[in-house]
Structures are given as structure tokens and as C-alpha cells.
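What you see is a predicted model; the values in this text were computed from it and never measured. Note that ligands are numbered from 1 as they come in the structure, with each ligand's atoms numbered from 1 the same way.
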Amino acid sequence: MRLREKVALVTGGGSGIGAAVCRRFAREGAFVVVADVDRAAAERVASEIKERGGRALSLGVDVRDRAEVEEMVKRVEEECGGLHILINNAGITRDNLAVRMTEGDWDLVVEVNLKGTFLCSQAAFRPMRRQRYGKIVNTASVAVRGNLGQANYSASKAGIIGLTRTLALEFARAGICVNCIAPGFIETPMTAGLPEKVKEEALRRIPLGRFGKPEEVAELHLFLASPESDYITGQVFFIDGGASIGI
Ligand code: NAP
């Protein structure tokens, strides 16, 4: 068991990639905290883990809200006895061409994706520093290379890469590694509703010829959350079937 005695907090853990990470980490012995703005979804994932003999706690949180984030970390420390792994996975899209994008949709996406990652990392720093051990895994996207209709999303995800590299520098002395994954097209509720034409175009650009599965992304999370990656920090890992290679 690669995560025995570890407490792992997964934001956006109620759905898609986050839920797959929660299930995978639980199988490796972690005490998993499933945190999501959709409290019922978080509870479903936590219950499933517990029914299978794992340890889990569900919490409702909006990662944009500093007070809620601080309360979440406090509860994790009190109820789980520490915090070793933070998976900043909560994220949203509000796609539109830049000329038509509303200020509200710009702000919302940047706040959830980028500010949420900052607030959760900042709150997790204290318990991790006390333990002199921590693993933070942030979530960017292949969209950092630019994607039609995703000015807000692409900018927020590119910001997460800069944030990752800076936090890696600032947190290193405290024994905390900070890395980032950048998924391509993964089959989750986030991508399920995309028009068929968009999906066909996306598929055409993937050298491996298929979309990714949340469980495949969770394996990369596991590596970056486990001691096997102790000498890796400040890095970005694309997991996209080769989509980011280019033509
Ligand atoms: P998903 O299935 O939509 O899951 C995201 C979860 O985050 C949902 O449960 C969502 O709740 C929750 N969430 C939204 N806003 C939140 C907030 N303010 N505070 C806390 N939780 C919040 O998405 P996914 O596809 O698994 O994506 C997970 C991460 O991977 C995201 O950061 C996404 O940008 C990134 N990513 C995904 C893909 C892909 O192809 N799927 C590609 C690249 C990157 P609601 O459902 O209530 O909104």
C-alpha cells in the first residue's frame, strides 16, 4: 500500500477525475477526504469507499471561499489527524468565443480554477510544514496551449502552471513537493455534454486515437502523491494521448 498512514484531500472529488483519484488513493490505504461544492456527490463517493472497507470523509466546500477552505483544512486536521496530500482538482468551464465572453464567466472560471488552487494550497501549507512533508498536485489542461472558445479556461490553467512553479520554490524547504498534471480529453461529466462535432475534432488530434479515462489520470496522481516521486517538484505532466505533441 503506497499511501498507508497518509491523509489525502481531493477537491472536486465528487465527480470525474477527482472521484477516480479518491477511489484509487483509498485502495492504497489513504484516509481520503472527498471535498466538493456538490456535497451529495462527495458523500456518494465517500460512502462507496467506506462500503469497500476504506477510510473516507466527505466535506462540502466552495474552493473560491477562503473561510470555507480554511474551515475545511481545520476539520481535516481535527478529524483525520493531519494532511499529507492535496489534490487541487476542482475546475469548471464556461466556454464562449472571447468576443462574446461575459465578464461574469471570465471571473467565475478564473476564481474556481486559479484562485481556488491558490487558496487550498495556502491553507494546506501550515499542516504540511508542521509534518515536514507534503504533496500538492494541481490540475492544468492541454488547453494551456490555446483552445478556441476557452480564453477564460486556458488562461486560468496557464496561471496554474506559473502558480505551481512558484509554490514549488517557496514550499521546497518545508519538505513539500508541488507538481501539476495537464490532462487532454478525458471522459467525464465535464466533457460528456460537448457537441459530437467538437468531440470528433478533438479525437482527430489525439495520436493514440482515443479519449482518456479518469482512472488513467488517477494513476499519474498516485505517482505524484507517493514517495516514488519525492525528488520531483515544480513540473508539469501532460496526460493526453499525445495531443500536445503537435502535428
Ligand atoms: P467534473 O466531472 O465536472 O468534476 C469537477 C468537480 O468539481 C464537480 O463535482 C464540480 O461540482 C466540482 N466543483 C466545481 N466548482 C467547484 C468549487 N467552486 N468548489 C469545489 N468543487 C467544485 O470535471 P473533470 O472532468 O473530472 O475535471 C477535473 C479537473 O480536471 C478540472 O480541473 C478540469 O479542468 C481538469 N481537466 C479535465 C479534462 C477533461 O477532459 N475532463 C481535461 C483537462 C483538464 P459541480 O458538478 O457541482 O460543478
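By the 30° and 60° cut-offs, the orientation of the rings of Phe211 relative to Phe185 is parallel.
Taking a cut-off of under 4.0 Å to the non-hydrogen atoms of Gly16, the atoms of ligand 1 that pass are 2 (O), 26 (O). The Val61 neighbourhood of ligand 1 comprises atoms 19 (N), 20 (C), with distances under 4.0 Å to a heavy atom of that residue. Near Phe185, the atoms of ligand 1 lying under 4.0 angstrom from a non-hydrogen atom of the residue are 40 (O).
For Asn89, heavy-atom contacts with ligand 1 shorter than 4.0 Å involve the backbone as well as the side chain. Only the side chain of Val112 comes within 4.0 Å of ligand 1, counting heavy atoms alone; its backbone N, CA, C and O stay farther away. No part of Glu187 comes within 4.0 Å of ligand 1, judged by heavy-atom distances. When heavy-atom distances to ligand 1 are checked against a 4.0 Å cut-off, Val63 comes that close through both its backbone and its side chain. Counting heavy atoms closer than 4.0 Å to ligand 1, residue Ile92 contributes side-chain atoms (C-beta onward) but none from N, CA, C or O.
Between Ala140 and ligand 1 there is a heavy-atom distance shorter than 4.0 Å. Not a single heavy atom of Glu111 sits less than 4.0 Å from an atom of ligand 1. In this structure, Gly184 counts as a contact residue of ligand 1, since one of its heavy atoms falls inside 4.0 Å of the ligand.
Considering Pro189, Pro214, Gly12 only, the shortest heavy-atom separation from atom 7 (O) of ligand 1 involves Gly12. Here atom 5 (C) of ligand 1 lies nearest to Gly91 when heavy atoms of Gly91, Ser141, Gly18 are compared. Residue nearest to atom 10 (C) of ligand 1, selected from Asp38, Leu194, Asp36: Asp36 (by heavy-atom distance).
Among protein heavy atoms, the minimum distance from atom 22 (C) of ligand 1 is reached at Val37 CG1, 3.5 Å. Scanning the protein heavy atoms around atom 30 (O) of ligand 1, the nearest turns out to be Thr139 CG2, 3.4 Å. Looking at atom 18 (N) of ligand 1, its nearest protein heavy atom turns out to be Asp62 OD1, 2.9 Å. The shortest contact between atom 2 (O) of ligand 1 and any protein heavy atom is with Ser15 OG, 2.6 Å.
Judged by the 6.0 Å and 45° rule, Lys6 forms a cation-pi pair with Tyr133.
Taking distance alone, with nitrogen or oxygen atoms compared against 3.5 Å, Ile186 approaches ligand 1 more closely than that limit. When only interatomic distances are considered, the shortest N/O to N/O separation between Tyr153 and ligand 1 falls below 3.5 Å.
Taking a cutoff of 4.0 Å between a charged side-chain nitrogen and a carboxylate oxygen, Glu70 and Arg66 qualify as a salt bridge. Contact check on Glu201 versus Lys197 returns no salt bridge, with no Lys/Arg side-chain nitrogen under 4.0 Å from an Asp/Glu carboxylate oxygen.
Hydrophobic clustering, with ILVMFWY side chains joined whenever heavy atoms are under 4.5 angstrom apart, groups Val110 together with Phe118.
Ile160 and Leu114 make their closest contact through N-CD1, 3.6 Å (heavy atoms, listed as atom of the first residue, atom of the second, distance). In plain terms, the two heavy atoms of Cys120 and Met72 that are nearest each other are SG-CE, 4.1 Å.
For atom 46 (O) of ligand 1, the nearest protein heavy atom is 4.0 Å or more away.
Separating the CG atom in Leu83 from the CD atom in Gln131 is a distance of 6.5 Å, to the nearest 0.5 Å. Distance CG/Asp230 to NZ/Lys135: 4.0 Å, rounded to 0.5 Å.
Each of Glu215, Glu219, Glu216 was evaluated against Arg24; a single residue qualifies, Glu219, per the salt bridge (Lys or Arg N to Asp or Glu O under 4.0 Å) test.
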